[in-house]
Number of protein chains: 2
Amino acid sequence: MPVDEFAGKVKGKIAKEVSSRGKWIFVRLEPAYFMLINLGMGGDLVYFTQGGELPEKYQFKLAFTDGSGFTIRFSWFGSIHLVHEKDLAEHRLTAHLGLSPIDDTFTPEYFKRLLGKRKARIKSFLLNQKNVAGIGNVYIQDILFVAGLHPDREISTLTEEEAAQLYDAIQTVLNRSVQLRGLEYEKDFYGRKGGYTMKEFLVGYKTGHPCPTCNTRIERIKTGSTSSYICPKCQPLE
Amino acid sequence: MPVDEFAGKVKGKIAKEVSSRGKWIFVRLEPAYFMLINLGMGGDLVYFTQGGELPEKYQFKLAFTDGSGFTIRFSWFGSIHLVHEKDLAEHRLTAHLGLSPIDDTFTPEYFKRLLGKRKARIKSFLLNQKNVAGIGNVYIQDILFVAGLHPDREISTLTEEEAAQLYDAIQTVLNRSVQLRGLEYEKDFYGRKGGYTMKEFLVGYKTGHPCPTCNTRIERIKTGSTSSYICPKCQPLE
DNA sequence: TAATCTAACAACGA
DNA sequence: CTCGTTGTTAGATT
């Protein structure tokens with residue numbers, strides 16, 4: 001959408017509820033629109049006060065009538081979509097998102113039924129936002145380590161117990177990050193860096209380091225097109 | 001659909017126009033229905049007169065009020081779908097069929113635009129019924145030979161001339177078959193075998209025979225999951 | 001021999 | 001650190 005058209009449609013609207021699903025942020029603009037924001041492979045969405053400092057670099061700025069507002073710096077592949085409310089349910093990129101793992105309705109039972117008896121590999125399945133919305137290649141590393149699962153395990157071979165452990169691992173890792181307000185290289189709305197530092201990682205990005213459980217050297221392997229960091233002893237493939 | 005339900009819906013209707021698209025036969029049943037027939041990997045759909053002979057073996061029979069009718073013997077993977085006319089446009093298996101190459105609107109210009117600059121291999125593209133409806137693994141053999149193209153040629157590398165030759169080859173081979181009323185092992189509605197015999201094939205199913213153009217031995221190769229018969233000299237891959 | 005849908009996977013590009 | 005698109009392949013279908 002051309003910038004003019006975007007600005008024309010947004011100007012004068014009132015920003016209402018802000019929600020999220022997976023990696024998407026939904027801002028309701030009254031009347032009749034939604035602004036959908038996706039930071040892609042990284043970026044900062046930060047607030048500024050009236051007369052306050054703005055970041056050196058940003059690609060998007062939205063100002064409120066009181067002089068405050070926010071900017072967005074996209075680092076790679078981010079996007080903003082402006083969608084009429086009547087088109088929201090069919091919006092190609094967000095209509096088919098799965099549930100957020102930290103959603104109340106994402107129960108152990110829901111997760112077990114979702115897994116079913118598929119042929120897919122567990123990592124590939126969890127990274128697919130249509131299945132579960134919000135897990136990326138950063139958090140998946142420790143999730144699978146905590147669950148004791150190799151990224152290439154076929155879902156149909158998971159035992160009840162393994163599925164339950166996986167559910168718990170997802171909750172543990174993601175809630176820890178929520179608590180710490182995200183990764184070190186991310187900022188929250190008020191510009192504060194996240195507290196989820198390298199020290200938090202158990203195996204992710206720790207190639208050659210000892211496994212925190214068994215001291216085996218952590219390996220980096222290729223799983224499809226993404227990298228995985230695993231303890232070969234704690235996460236065997238059989 | 002259970003047999004009873006099928007029979008109940010068909011009984012008393014009037015068979016109107018019969019048409020085809022690719023490998024599908026459409027029979028309009030008045031009022032409000034279409035019977036869609038697909039013979040899959042082979043079968044005979046033959047008429048019988050009142051009091052006339054019926055084939056020894058068949059899986060489907062439809063009788064008209066005058067005592068005539070037709071039977072279908074399916075050899076593999078055939079099917080009949082009964083669809084309400086209001087659902088026809090969304091019917092999963094027929095809604096996305098491409099044009100028949102012998103349709104009037106299948107012009108050289110249409111074909112050239114359809115090919116575009118894709119990465120797909122030419123054989124795989126032509127066998128996909130969403131692109132072009134009606135070419136199977138039998139006729140594709142001589143089509144590609146007549147066009148001088150290797151089945152694995154990338155579409156984006158085709159010259160204007162090669163695309164034009166391919167268009168002509170499709171027309172030549174398919175029209176010849178229409179003229180001869182199909183393959184030797186097929187029957188028309190009146191039970192007559194087709195006249196497109198093995199003698200008509202140039203390279204298809206002729207492994208080891210000399211190429212009709214250059215005498216090179218014809219080879220059988222694997223292309224994806226299908227077999228291809230080619231003259232390695234007339235159909236080089238570069 | 002012949003057909004084709006589906007799921008999973010890989011290459012590619014923005 | 002992402003993900004949609006396109007195309008390929010293995011498996012299933014009866």
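Residue numbering restarts at 1 for every chain, and letters A, B, ... go by the order of the sequence lines.
For A/Asn131 and C/dC9, the CG to P distance is 12 Å, given to the nearest whole Å. At whole-Å resolution of the value, CD1 in B/Ile25 and P in C/dA3 are 15 Å apart. Here C/dT1 presents its P atom at 17 Å from CD of B/Glu186, a figure rounded to the nearest Å. The interatomic distance linking B/Lys206 (NZ) with C/dT1 (P) rounds to 18 Å, in whole Å. Distance A/Arg153 CZ to C/dA8 P: 16 Å, rounded to the nearest Å. Counting to the nearest Å, the C1' atom of D/dT13 and the CG atom of B/Leu39 are 17 Å from each other.
Of the two residues near DNA chain D, B/Arg118 and A/Lys119, the one whose nearest nucleotide lies more 5' is B/Arg118. Place B/Ser75 and B/Leu97 on DNA chain C by their nearest nucleotides, and B/Ser75 ends up nearer the 5' end. Checking A/Asn128 against A/Gly42, the closest nucleotide of DNA chain D that is more toward the 5' end is the one next to A/Gly42. The residue among B/Gln129 and A/Ser124 whose nearest nucleotide of DNA chain C is located toward the 5' end is B/Gln129.
Taking CH2 from A/Trp24 and CG from A/Leu36, the interatomic distance works out to 6.0 Å, rounded to the nearest 0.5 Å.
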**side-chain hydrogen bond (donor to acceptor under 3.5 Å, both in side chains) evaluation trace for A/Tyr139 with A/Ser177** = CA-CA 9 Å; A/Tyr139 295 116; A/Ser177 175; 2.5 Å; yes
**Prompt:** When you look at A/Thr226 and A/Lys123, which way does the side-chain hydrogen bond (donor to acceptor under 3.5 Å, both in side chains) test go after all the steps?
**Reply:** CA-CA 10 Å; A/Thr226 63; A/Lys123 181 179 178 186; 2.8 Å; yes
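Remark: aromatic rings of B/Phe201 and B/Tyr196 are close, center separation under 6.0 Å.
Among the nucleotides C/dT4, D/dG4, D/dC1, the one closest to any side-chain atom of A/Asn137 is D/dC1.
For B/Phe77 and D/dT13, the ring-to-base geometry satisfies the stacking test (centroid distance below 5.5 Å, interplanar angle below 30°).
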